Amino acid sequence: MLDPKVFRQKINDLQEKLKLRNFTIDLDWLQALEAERKILQSQTQALQNERNVLSKQIGQKKAKGENTEDSLAKGEKIAKALQEKEEALKSLQKKLWDFQTTVPNLPHVSVPPGKNPLDNLEVRKWKEPPLFPFEPLDHIALGKRLHGIDFDQATRIAGSRFVILNGPVAELHRALTNWMLDVHTKEHGYTEVYVPYLVNENSLFGTGQLPKFESELFKIERDPPYYLIPTAEVPVTNLVRERILEAEALPLKWVSHTPCFRSEAGSYGKDLHGMIRQHQFEKVELVQVVRPEHSYKILEELTSHAETILKKLELPYRVIALCGGDLGFAAAKTYDLEVWLPSQKIYREISSCSNFESFQARRLEARWRETPSAKPDYVHTLNGSGLAVGRTLIALMENYQDQNGNIAIPAVLHPYMKGITHIEK
RNA sequence: GGAGAGGUGGCUGAGUGGUCGAAAGCGGCGGUCUUGAAAACCGUUGAAGGGUUUAUUCCUUCCGGGGGUUCGAAUCCCUCCCUCUCCGCCA
């Protein structure tokens with residue numbers, strides 16, 4: 001979340017910046033609430049002070065054996081008045097908190113202006129989309145032909161938006177995962193972490209999924225509830241929750257492979273067919289925790305790490321800078337990587353790399369300090385998919401198909417596929 | 001799942017109703033000593049928030065979370081969470 005001070009001091013500034021992402025706040029309402037808070041808080045604190053002073057006096061009198069009847073009566077009065085003020089203040093502060101925790105992050109100055117995905121800016125493109133001398137099949141048809149992808153069985157077992165992979169295609173899916181993890185750990189300096197797939201509410205609050213986006217999550221009803229992670233970002237970023245990190249510990253670079261679970265409520269009709277949008281999918285996620293002054297340099301670096309995967313697979317892609325209106329709730333700046341899908345003749349999102357600045361850190365209480373005696377400050381957090389495995393599988397199948405519907409396996413994956421070079425019927 | 005123990009500052013750990021934001025030790029920082037360092041000694045050392053100001057001062061809150069009793073709670077009561085030990089079960 002944002003620094004609470006901006007709601008008190010730089011309110012017009014705030015309004016301007018939030019407009020860039022289609023978010024408006026009721027200034028009059030907020031300022032009235034703030035004014036009330038100020039008065040109420042001062043009164044409450046004054047009463048607390050009176051109570052503390054008096055209580056101390058009573059203690060001293062009792063020690064000396066003096067009469068305390070008058071003081072006790074006075075104390076009772078204060079306690080009563082104080083209780084009223086405290087309750088009023090508490091409910092007011094809850095109102096402010098509820099509001100503040102649902103205000104999105106502010107876009108970085110370099111974020112392109114715009115309202116919707118059409119205003120996103122193409123930053124660069126890599127490799128021309130291939131020209132097929134035949135009509136390329138989509139992954140659904142390819143998967144069916146090779147008995148590698150089965151949606152019907154998945155529907156029977158679980159329901160819609162699930163998939164079953166079979167034989168060499170399942171192996172390719174696993175090979176991709178292992179290979180990506182190796183590239184990031186061996187070539188990019190990330191440390192692999194294995195994390196819980198069920199998390200508590202605090203973790204989801206920390207990274208910004210709660211309280212606003214509960215409908216997109218799968219919840220396990222118990223007391224307290226668990227949630228299935230929508231991305232490894234949640235458990236991994238929460239590794240720094242409520243910690244004060246020493247300067248030499250930064251940057252922290254983690255890579256984690258997890259399944260991701262999304263209920264995608266409200267998205268019905270979108271990508272209804274195929275593996276594009278599933279309730280369960282695999283992702284290799286990159287997370288970095290860095291000093292604030294480095295975070296934009298790191299965003300470029302982290303994005304390039306995700307790009308490396310596409311380059312090594314020789315898949316055509318482009319990099320998009322999301323405009324203000326398309327930015328996710330917690331992000332200050334985001335690059336999407338979009339891979340070419342020959343069957344649809346469009347680029348589809350396969351990775352999203354974001355700098356959250358201190359937005360998540362403030363929710364997480366994740367801080368660092370220059371020296372052990374220095375004042376702690378919030379870290380900056382970043383993450384990006386490196387990459388979404390299911391979508392990579394699709395892109396690979398579609399881009400590497402031949403006219404018979406067989407699939408060549410890119411050379412970098414051969415060592416991960418027991419030497420298999422093609423998937424054939 | 002059953003039985004027991006426990007959650008206190010960066011760490012270890014004392015504290016069962018009143019000057020406790022909290023002893024002591026370790027660690028950190030500053031200093032004395034030293035050519036330098038170590039040791040020793042002395043001093044110092046939590047976070048968040050608010051008011052007033054811009055450089056000082058004042059105040060509040062925080063001893064796992066929430067609630068209660070009381071003039072006053074780290075300390076008493078209720079409740080939840082978590083950790084550890086033993087037993088049971090289990091990959």
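Within every chain, numbering begins at 1; the chains are lettered A, B, ... in the order of the sequence lines, protein sequences first and strands thereafter. Computed from a prediction, not measured in an experiment: that's the story for all the values here. The figures that follow rest on heavy atoms only: side chains count, while hydrogens, waters and symmetry mates do not.
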*asked:* What contact category does A:Ile58 fall into here, base, sugar-phosphate, or nothing, at under 4.0 angstrom with non-hydrogen atoms?
replied: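 A:Ile58: base contact, heavy atoms under 4.0 Å.
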*Opposite nucleotide pairing with B:rG9, Watson-Crick or G-U, both atom distances under 3.5 Å*: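 Answer to the pairing question: none, since B:rG9 forms no Watson-Crick or G-U pair.
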_Salt bridge check, A:Lys90 against A:Glu87: does any charged N sit closer than 4.0 Å to a carboxylate O?_
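Here A:Glu87 does not pair with A:Lys90 in a salt bridge, since their nearest N and O are not under 4.0 Å apart.
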_Would you say A:Asn49 places a side-chain N or O within less than 4.0 Å of OP1 or OP2 belonging to B:rC59?_
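For B:rC59, OP1/OP2 do not have a side-chain N/O of A:Asn49 under 4.0 Å.
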_A:Asn52 side-chain N/O to B:rU60 phosphate OP1/OP2 under 4.0 Å_ =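 Indeed, a polar side-chain atom of A:Asn52 lies that close.
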*Measure from CG on A:Leu40 to P on B:rC59 and round the result to the nearest Å.*
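It works out to 21 Å between those atoms.
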*Within less than 4.0 Å of OP1 or OP2 of B:rG67, is there a side-chain N or O belonging to A:Lys90?*
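For B:rG67, OP1 or OP2 has a side-chain N or O of A:Lys90 closer than 4.0 Å.
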*Pick base, sugar-phosphate or nothing for A:Gln57, based on heavy-atom distances below 4.0 Å to the nucleic acid.*
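No contact at all - A:Gln57 keeps every heavy atom at 4.0 Å or more from the nucleic acid.
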*Where each residue is assigned the nucleotide of RNA chain B containing its nearest heavy atom, which of A:Gln83 and A:Lys74 is assigned the position nearer the 5′ end?*
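The residue mapped nearer the 5' terminus is A:Gln83.
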_Nearest listed nucleotide, side chain of A:Arg367, among B:rA48, B:rG49, B:rG18_ =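 Nucleotide nearest to A:Arg367's side chain: B:rA48.
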_Expressed as a whole number of angstroms, how long is the span from A:Leu47:CG to B:rU61:P?_
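Rounded to whole Å, this separation is 11 Å.
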_Please determine whether a side-chain nitrogen of the Lys or Arg among A:Lys95 and A:Glu36 lies less than 4.0 Å from a carboxylate oxygen of the Asp or Glu._
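Result for this pair is no, no salt bridge flagged.
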_Nucleotide B:rG49, atom C1' - distance to CD of A:Glu34 in whole Å_ =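 So the CD-C1' distance, A:Glu34 to B:rG49, works out to 12 Å.
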*Is a donor-acceptor pair below 3.5 Å formed from side chain A:Lys56 to base B:rG18, judging by atom type as modelled?*
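In this structure, the two groups form no donor-acceptor pair.
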*Indicate, with a heavy-atom threshold strictly under 4.0 Å, whether A:Arg37 touches base, sugar-phosphate, or nothing.*
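A:Arg37: backbone/sugar contact only, no base atoms under 4.0 Å.
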*Residue mapping more 5' on RNA chain B - nearest nucleotide basis, A:Tyr226 or A:Ala73*: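 Nearest nucleotide further toward 5': that of A:Ala73.
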*Side chains of A:Gln209 and A:Glu214, donor plus acceptor under 3.5 Å*: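 No.
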_A:Glu338 side chain to A:Tyr317 side chain, donor-acceptor N/O pair below 3.5 angstrom_ =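 There is no such pair between these side chains.
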*Taking the six-membered ring for Trp, is the centroid-to-centroid distance between A:Trp29 and A:Phe7 below 6.0 Å?*
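No, they do not, as the ring centres are separated by 6.0 Å or more.
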_Length of the CD-P vector between A:Gln100 and B:rG49, whole Å_ =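 My rounded result for the distance is 12 Å.
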_As a test of reading the structure: which of B:rC71, B:rU60, B:rU52 is closest to the side chain of A:Gln48, going by heavy atoms?_
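In terms of side-chain proximity for A:Gln48, the closest of B:rC71, B:rU60, B:rU52 is B:rU60.
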*asked:* Going by purine N1 to pyrimidine N3 plus the second Watson-Crick contact, or the G-U wobble pair, all under 3.5 Å, which nucleotide sits opposite B:rC89?
replied: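 Its partner is none (no Watson-Crick or G-U wobble pair with both distances under 3.5 Å).
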_Categorize A:Gly59 for me: base, sugar-phosphate, or nothing, with a 4.0 angstrom heavy-atom threshold over every strand shown._
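Here A:Gly59 touches the bases of the nucleic acid.
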*asked:* In whole Å, I'd like the distance from the CG atom of A:Leu96 to the P atom of B:rG49.
replied: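 Nearest whole value for this atom pair: 15 Å.
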*Partner nucleotide, any strand, of B:rG18 [Watson-Crick/G-U, under 3.5 Å]*: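 Per the H-bond distance test, B:rC71.
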_Is a donor from one side chain sitting under 3.5 angstrom from an acceptor on the other, for A:Glu285 and A:Ser256?_
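The answer is no; no qualifying pair exists.
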_In this structure, how many angstroms lie between the P atom of B:rC81 and the CG atom of A:Asn200, rounded?_
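It works out to 13 Å between those atoms.
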*asked:* Can you tell me if A:Arg51 touches the phosphate of B:rU61, counting only side-chain N or O atoms and a distance under 4.0 Å to OP1 or OP2?
replied: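 Answer is yes, contact under 4.0 Å.
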*Quickly work out the A:Asn202 CG to B:rG66 P distance and round it to whole Å.*
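So the CG-P distance, A:Asn202 to B:rG66, works out to 11 Å.
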*asked:* Nearest whole Å is fine: how far is B:rG72 C1' from A:Gln60 CD?
replied: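 Atom-to-atom, A:Gln60 to B:rG72, this comes out as 13 Å.
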*asked:* Applying a 4.0 Å non-hydrogen cut-off, can you work out what A:Lys85 is touching in the nucleic acid: base, sugar-phosphate, or nothing?
replied: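 Result for A:Lys85 = nothing.
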